[in-house]
Amino acid sequence: MGSKRDGHTNPLGSRPNVLLPDQDSTASFTVRRDLPTRKIVVLTLRVVAGRDMLRYVTLNNVDSVTIGRDENGGLVLSDASVSRRHARITCTADGAVTVEDLHSTNGTAVNGHPVDTAALHPGDHLEIGTVSLRLDLLSLEEVDHLHRVLERLEANNRDPLTGLLNRAWLDDDFPTLQAQAALIGVDYACLFVDIDNFKSVNDRFGHQVGDDVLVGVARLLMVGVRETDACVRYGGEELLMLLHGSDESAAFEVAERVRRAIENHDWSRTNPGLQVTASFGVAGPIGGEAVKEQINRADRALYAAKAAGRNRAARASTLS
């Protein structure tokens, strides 16, 4: 997963190599803000919807990047609507960015308008076949975080659709991590996540779109947490987040931030008319409690959130 510069293979997203002058950013990119934001930004083209979501390439001056299904390209996309060599991006010495369609089968568009050649500016959407990308100015921390997320999605014990950890990891590996954390006095908070009205998404838009929604929500979860946290596909559209060293209050703040990221994501890029929300149940750690009981408490809180109207988070400690 990820991208490869022309002639320079990188299995993940291309790392930043040229820095742009400080300027206002139009990026809409949700990441944790634990570190101070630097003034340096990087011009980055990234996929914002579909199975290739989060794949990206950083652009540097007087360089070109080929987009397509060709494994030797600069940004490799897997979608069948993308030609092997679909389009070329160039960035000149003065920072001007241009896209050129390479006689693709399904065409190239900028902000919904088909083009043969066109200028790109930060905030523009680029459509490569049916794959939607966005040109943004990202900080070094954002690009580095994005790269690490892609690395984790490619690790072992991953669900083949979403890239999240699978249920077997929760049973086989997590107890050891939990025991190690307990030795230094650290616990995990548990967030149970359920995509609202997911059956209606499948019924209205089809299972292909339903799968794309699962992929998109999974990536928004991954972007919204730290490397020490775990995201698990628990079953179907139910997802589990285990937050290292968090109490219930801190976990509730994470749940609210990720919930808003899902609600505000531009799901129309996945399918016109599509809107997606999710509900969260939050359970903080209780000393000596088995992880299954903590998950059960989070599940009960999730049920309360859905009963209260969905698209919200509920805390287990507030339930009677």
Side-chain angles (χ1 to χ4, degrees), residues 1-5 8 10-49 52-61 63 65 74-75 89 91 95 97 120-126 132-155 163-165 186 189 191 215-231 241-246 250-251 253-266:
M1 174 176 284
S3 64
K4 298 184 293 184
R5 278 216 169 274
H8 300 280
N10 187 335
L12 300 169
S14 174
R15 307 295 288 206
N17 43 31
V18 168
L19 308 180
L20 301 180
D22 189 19
Q23 53 188 289
D24 292 338
S25 172
T26 59
S28 56
F29 192 72
T30 304
V31 298
R32 292 183 64 91
R33 300 292 185 177
D34 298 328
L35 298 174
T37 301
R38 300 178 186 176
K39 296 294 185 180
I40 298 171
V41 291
V42 184
L43 194 59
T44 307
L45 185 65
R46 60 189 174 89
V47 181
V48 297
D52 294 320
M53 184 173 168
L54 297 190
R55 290 190 180 184
Y56 75 97
V57 66
T58 56
L59 304 176
N60 65 324
N61 293 337
D63 195 15
V65 175
L75 180 57
I89 305 293
C91 185
V97 180
L120 286 176
H121 304 94
D124 282 346
H125 282 278
L126 174 65
S132 182
L133 304 93
R134 179 181 165 108
L135 185 66
D136 279 319
L137 292 168
L138 303 184
S139 70
L140 289 177
E141 288 87 357
E142 288 172 323
V143 175
D144 193 53
H145 179 68
L146 180 56
H147 186 84
R148 294 196 303 270
V149 167
L150 289 168
E151 286 183 321
R152 292 165 65 193
L153 289 168
E154 285 293 291
L164 300 184
L165 292 162
V186 174
L191 277 64
V215 171
V217 170
R219 278 152 176 72
L220 291 172
L221 261 61
M222 289 285 289
V223 167
V225 300
R226 305 159 298 179
E227 289 186 75
T228 53
D229 302 326
C231 297
M241 304 169 71
L242 299 165
L243 307 186
H244 183 264
S246 295
E253 291 179 4
V254 172
E256 277 293 286
R257 185 174 63 246
V258 176
R259 181 192 63 78
R260 289 192 298 268
I262 294 170
E263 179 184 24
N264 295 329
H265 182 70
D266 187 1

For [Y], is there any backbone N or O sitting under 3.5 Å from a side-chain donor or acceptor partner on [X]?
X: N264; Y: A261; result: no
X: E253; Y: A250; result: no
X: H265; Y: V48; result: yes
X: H145; Y: V223; result: yes

For [X], all residues meeting side chain to side chain contact (heavy atoms under 4.5 Å, CB included), sequence neighbours excluded:
X: E263; answer: R259, T277, N311
X: V215; answer: R51, L161, R219
X: R152; answer: R158, M222, V225, E227
X: H244; answer: A181, V186, Y188, R226, T228, D229

Check: Testing V47, L133, T44, L45 for side-chain contact (heavy atoms from CB on, under 4.5 Å) with V57, which one passes?
Finding: L45

How long is the gap from [atom1] on [X] to [atom2] on [Y], to the nearest 0.5 Å?
X: T58; Y: L75; atom1: OG1; atom2: CG; answer: 10.5 Å
X: E141; Y: L146; atom1: CD; atom2: CG; answer: 13.0 Å
X: R148; Y: L153; atom1: CZ; atom2: CG; answer: 13.0 Å

Next item on the list: Any chance you could lay out the side-chain contact (heavy atoms from CB on, under 4.5 Å) test for L135 and L126, step after step, and finish with the verdict?
Entry: CA-CA 8 Å; L135 185 66; L126 174 65; over 6 Å; no

Check: Do L221 and I262 pass the side-chain contact (heavy atoms from CB on, under 4.5 Å) test, and can you show the C-alpha distance, the side-chain angles, and the key distance before you say yes or no?
Finding: CA-CA 9 Å; L221 261 61; I262 294 170; 4.0 Å; yes

Checklist line | Contacts of type side-chain hydrogen bond (donor to acceptor under 3.5 Å, both in side chains), residue D266, not counting sequence neighbours | finding: S268, R269

Within-4.5 Å side-chain heavy-atom neighbours: [X] and [Y]:
X: V254; Y: M241; result: yes
X: C231; Y: L164; result: yes
X: P122; Y: L43; result: yes

Item checked: Over all atoms of both residues, closest heavy-atom pair of A251 and S246 -> N-CB, 4.5 Å

Margin query: If I compare all heavy atoms of R257 with all of G224, which pair ends up nearest, and what's the gap?
Written below: NH2-O, 3.3 Å

Next item on the list: Before giving the answer on side-chain contact (heavy atoms from CB on, under 4.5 Å), spell out for L120 and I89 the whole-Å C-alpha distance, their side-chain angles and the decisive distance to 0.1 Å.
Entry: CA-CA 9 Å; L120 286 176; I89 305 293; 3.9 Å; yes

Next item on the list: Kindly determine whether L138 and Y56 satisfy side-chain contact (heavy atoms from CB on, under 4.5 Å), including the steps that lead there.
Entry: CA-CA 11 Å; L138 303 184; Y56 75 97; over 6 Å; no

Checklist line | NZ/NE/NH1/NH2 to OD/OE distance under 4.0 Å, R46 and D136 | finding: yes

